[in-house]
S.K.: 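First the structure, then my questions, so here it is.
Values reported hereafter were calculated over all heavy atoms of this structure, with side chains retained and with hydrogens, waters and symmetry mates removed. Within every chain, numbering begins at 1; the chains are lettered A, B, ... in the order of the sequence lines, protein sequences first and strands thereafter.
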There are 2 protein chains.
Amino acid sequence: MSNSTPATIEDVARIAEVSIATVSRAIHTPEKVANSTRLKVNQAIAITGYTTNAMARSLRLGRSNMILVVAPDIGDPNFSNILVGLENEARSHGYGVLIGHTQNDPQRGLEYLKFLNSNQAAGLILFTGILPFGHQAMTARLPPSVGVFEPVFNGGIPYVGVDDIEGARKAIDLLIAEGHRKIAFVGDSRTRLAHRRRRMGYEAGMDAAGIGADLRIVLEGDGTIESGRLAVEQLFMRDTLPSAFMCVNDQTAIGVMIGLGARGYDVPRDFSVTGFDDVPQAVFTSPALTTIRQPRTLIGKHAMALLLELLSDGQPAETEILLRPDLVVRNSVSAPSRAWR
Amino acid sequence: MSNSTPATIEDVARIAEVSIATVSRAIHTPEKVANSTRLKVNQAIAITGYTTNAMARSLRLGRSNMILVVAPDIGDPNFSNILVGLENEARSHGYGVLIGHTQNDPQRGLEYLKFLNSNQAAGLILFTGILPFGHQAMTARLPPSVGVFEPVFNGGIPYVGVDDIEGARKAIDLLIAEGHRKIAFVGDSRTRLAHRRRRMGYEAGMDAAGIGADLRIVLEGDGTIESGRLAVEQLFMRDTLPSAFMCVNDQTAIGVMIGLGARGYDVPRDFSVTGFDDVPQAVFTSPALTTIRQPRTLIGKHAMALLLELLSDGQPAETEILLRPDLVVRNSVSAPSRAWR
DNA sequence: TTGTAAGCGTTATCAA
DNA sequence: TTGATAACGCTTACAA
């Protein structure tokens, strides 16, 4: 049973008294093997505890059973939830998940490119909106790939994300329903499509309510807590105060709440605030943040499923899968304060 | 350059006009190759963009360059930071990191055991305090392995963690220095060594201060937010109130603060609270949580370094590496309220 | 210093 | 339905 060296197909063949070819067939195309033979083989497998040597198999087949997942920052708590979805889906199809992170360092990207080149991964999941392999990427042969959150800039790669416009609409519609008219948008000017779309949702919502965006209260940050705080400062300096802040993500919203708190205001009594993403922290801010939830595990699951489809069909079934984001109502939104009514 | 099929060692050999053996040597033992030959080979490698096929190499060598990381829950935010340390260290030594999670399901564990059996990983990093492979684990041949956080129960496996006793001492000493005498400990009765050690640190600190633990205020929870809340309820029911709560981890501390808040008390004015771990949320609780920081990235780095050492030497350099946990002072601790003085 | 050739454990082709 | 065998790309005795 527990020998010093793992059983090979040859051990199984010897015990089952058949050839190794038959063993291989009994495993992969059992219908091509006589019942009695298959039985013998299965017994021999049970006896030896045989498992196919993945190295040999991959070498022979010319492809591995590993999927490389490259993210700019695997330390991001958002990432780990998606990873769960990715890993579950992969494993249930016989694939393993390899982790890589670039930290936006092109040198790192290059290492992963080499990695792919040496046939170590059959497919690629990309969290970055851009191929992280420098200009080499253009000439490189990439394996089937799928993006997460947004399309990959310089490659015609299908992706799985969330309907950012719809999500943003849910936030803005809530604010408007509560009676807000002057609603600031604190955006992210970096070039992520997701962020642009959230702003589009904001504008669409304002338009639909017949308000129209007031550009004086549409601010561009960079998605960090600090940029949320700064946005508040700017607005106070300019003296163009909204009654509510719709933020491009939770980090920004947290910054806005900190900025408001520092000036002695109460959320949601004095100002309402919404986020986007529903990061784990959103429960613990005070007040707890009303935000839009990204179905992270599900995103991971769909992304991996799409990739596996690509791997078997070769044809991308769809080029874009957008999941439905949900409004999570907590305590950072209320009707506008008296001053606004 | 970007042909349809990756270059093999044979392509390189042909262009360099040497044998494939020489190419292999030029790569792995360059000192055994004439300078001029090495030059030719390097040029040919540059021209072809050759990368060693990892499958073939692993098959030939009988071991892969992958490390399997098995955690009960990769969705845990604590995990992702450690992963950063693990991955960096692994990659800089030519190893890749494979992710697996068991969610405490023995069936899952078994799948990973098969995975290991099929030679897909050269080493194993375990986050669970117990071999997650069921009873099969006993008879199984495991590759070199390293535990994270605590020793692996049923295997003589070296591990990297934090000095929990010292960490707990830092928390209890702070509380005592602030003037607290009646300090509750909210523990975790599950069998994790780390949790037992934290309690030992608590007791040692109380003893050192000449107080001695009052068993009526030493509670056993299960490390969840809910169990922290429950602990508070228990204490109020029993009417044996402490002036401070030292909690076995941050989750518990958050629960305690929630419980206290629900009863209308203010932290730290009425009660002081400490946590352990310094999870990302600890910054966002109100008040921000004073806690003990685990150097997570460093733990990952050390764990992987130890494993790689094992992989090359075969001998565990040390059987236990304990890193120093740091006190992080935020706003959940102050001197006891008047009632206690 | 270099080349020849065996063999790692599979899968797939071909023949029986 | 089964078996013999070539090939996947590499490393490493062993020989030259």
Side-chain angles (χ1 to χ4, degrees), chain A residues 3-42 44-45 48-66 94 114-120 122, chain B residues 3-42 44-45 48-65 94 114-122:
Chain A
N3 305 318
S4 66
T5 162
T8 72
I9 200 172
E10 225 159 334
D11 299 326
V12 177
R14 197 172 333 104
I15 294 184
E17 298 179 302
V18 294
S19 74
I20 60 169
T22 301
V23 175
S24 181
R25 274 189 296 253
I27 295 171
H28 300 289
T29 51
E31 70 278 7
K32 293 188 166 184
V33 166
N35 276 327
S36 56
T37 323
R38 194 170 52 234
L39 211 67
K40 280 195 298 179
V41 171
N42 286 338
I45 288 177
T48 54
Y50 169 77
T51 347
T52 304
N53 180 317
M55 296 302 146
R57 174 162 222 262
S58 297
L59 174 59
R60 173 64 231 234
L61 259 35
R63 63 189 155 76
S64 84
N65 60 154
M66 296 293 154
K114 277 192 188 161
F115 192 87
L116 290 168
N117 246 287
S118 61
N119 271 319
Q120 303 219 56
Chain B
N3 305 319
S4 66
T5 162
T8 72
I9 200 172
E10 227 161 333
D11 299 326
V12 177
R14 196 172 333 102
I15 294 184
E17 299 178 303
V18 295
S19 74
I20 61 169
T22 301
V23 174
S24 180
R25 276 189 294 253
I27 294 171
H28 300 290
T29 51
E31 69 280 6
K32 292 187 166 184
V33 167
N35 277 327
S36 58
T37 321
R38 193 168 54 231
L39 211 68
K40 282 194 297 180
V41 170
N42 286 337
I45 288 176
T48 53
Y50 169 76
T51 347
T52 303
N53 179 318
M55 295 302 143
R57 175 162 221 263
S58 298
L59 175 58
R60 174 63 230 238
L61 259 35
R63 63 188 154 76
S64 85
N65 60 153
K114 275 191 187 161
F115 192 87
L116 291 168
N117 245 287
S118 62
N119 271 318
Q120 303 220 56

S.K.: Measuring from atom CD of E10(B) to atom OG1 of T48(B), what distance do you get when rounded to the nearest 0.5 angstrom?
M.R.: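 Taking CD in E10(B) and OG1 in T48(B), the distance rounds to 12.5 Å.
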S.K.: Quick check: on DNA chain C, is the nucleotide nearest Y50(A) upstream (toward 5') of the one nearest E31(B), or the reverse? Name the residue that is more 5'.
M.R.: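 Here E31(B) is the residue nearer the 5' end.
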S.K.: Classify A21(A) by what it touches in the nucleic acid, base, sugar-phosphate, or nothing, heavy-atom distance under 4.0 Å.
M.R.: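 Base contact - A21(A) has a heavy atom under 4.0 Å of at least one base atom.
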S.K.: Listed by chain and number, what are the side chain to side chain contact (heavy atoms under 4.5 Å, CB included) partners of L39(A), not counting sequence neighbours?
M.R.: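 L39(A): no side chain to side chain contact (heavy atoms under 4.5 Å, CB included) contacts found.
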S.K.: Distance check needed: dG9(D) P versus I45(B) CD1, whole Å only.
M.R.: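 Between P of dG9(D) and CD1 of I45(B): 16 Å.
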S.K.: To the nearest 10 degrees, how far apart in direction are the end axes of the helix from dT1(C)-dA16(D) to dA16(C)-dT1(D), each fit to five base pairs?
M.R.: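 That helix has its two terminal axes inclined by roughly 40°.
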S.K.: Could you tell me the separation between the OG atom of S118(A) and the CG atom of N65(B), rounded to the nearest 0.5 Å?
M.R.: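 If we round to the nearest 0.5 Å, S118(A):OG and N65(B):CG are 7.5 Å apart.
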S.K.: Going 5' to 3' along DNA chain C, which are the first and last nucleotides with any atom under 4.0 Å from a heavy atom of chain B?
M.R.: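 Nucleotide range with atoms under 4.0 Å of chain B: dT1(C) to dG9(C).
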S.K.: At what distance, to the nearest 0.5 angstrom, does NZ of K32(A) lie from OG of S24(A)?
M.R.: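 If we round to the nearest 0.5 Å, K32(A):NZ and S24(A):OG are 11.0 Å apart.
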S.K.: What distance separates R25(B) CZ from S19(B) OG, expressed to the nearest 0.5 Å?
M.R.: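 Here the interatomic distance stands at 6.0 Å.
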S.K.: Rounded to the nearest 0.5 Å, what separates atom CZ in R63(B) from atom CZ in R57(B)?
M.R.: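 It comes to 7.0 Å.
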S.K.: Within the structure shown, what part of the strands sits under 4.0 Å from S118(A) by heavy-atom distance: base, sugar-phosphate, or nothing?
M.R.: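 No contact at all - S118(A) keeps every heavy atom at 4.0 Å or more from the nucleic acid.
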S.K.: Taking the side chain as everything from C-beta on, heavy atoms only, tell me whether V18(A) gets closer than 4.5 Å to V23(A).
M.R.: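 Yes, close enough: below the 4.5 Å cut-off.
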S.K.: Is the closest side-chain heavy-atom distance between I15(B) and E17(B) below 4.5 Å?
M.R.: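 No. Closest side-chain heavy atoms not under 4.5 Å.
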S.K.: What pairs with S58(A) under side-chain hydrogen bond (donor to acceptor under 3.5 Å, both in side chains), at least two apart in sequence or on another chain?
M.R.: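 Checked S58(A) against side-chain hydrogen bond (donor to acceptor under 3.5 Å, both in side chains); zero matches.
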S.K.: Toward the 5' end of DNA chain D, which comes first, I20(A) or V33(A), by nearest nucleotide?
M.R.: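 Nearer the 5' end of the strand: V33(A).
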S.K.: Quick check for you: to the nearest 0.5 Å, what is the distance between I9(B) atom CD1 and I27(B) atom CD1?
M.R.: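 It comes to 5.5 Å.
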S.K.: Taking only residues two or more places apart in sequence, or in another chain, which ones meet R14(B) in a salt bridge (Lys or Arg N to Asp or Glu O under 4.0 Å)?
M.R.: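 For R14(B) the salt bridge (Lys or Arg N to Asp or Glu O under 4.0 Å) partners, ignoring immediate neighbours, are D11(B).
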S.K.: Of all of residues 55-62 of chain A, which get a heavy atom below 4.0 angstrom from DNA chain C, listed by number?
M.R.: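 The answer is A56(A), R57(A), R60(A), L61(A).
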S.K.: Measure from CZ on R63(B) to C1' on dC10(D) and round the result to the nearest Å.
M.R.: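 Going from R63(B) (CZ) to dC10(D) (C1'), I get 13 Å.
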S.K.: Quick check: on DNA chain D, is the nucleotide nearest V18(A) upstream (toward 5') of the one nearest T51(B), or the reverse? Name the residue that is more 5'.
M.R.: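 Residue closer to the 5' terminus by nearest nucleotide: V18(A).
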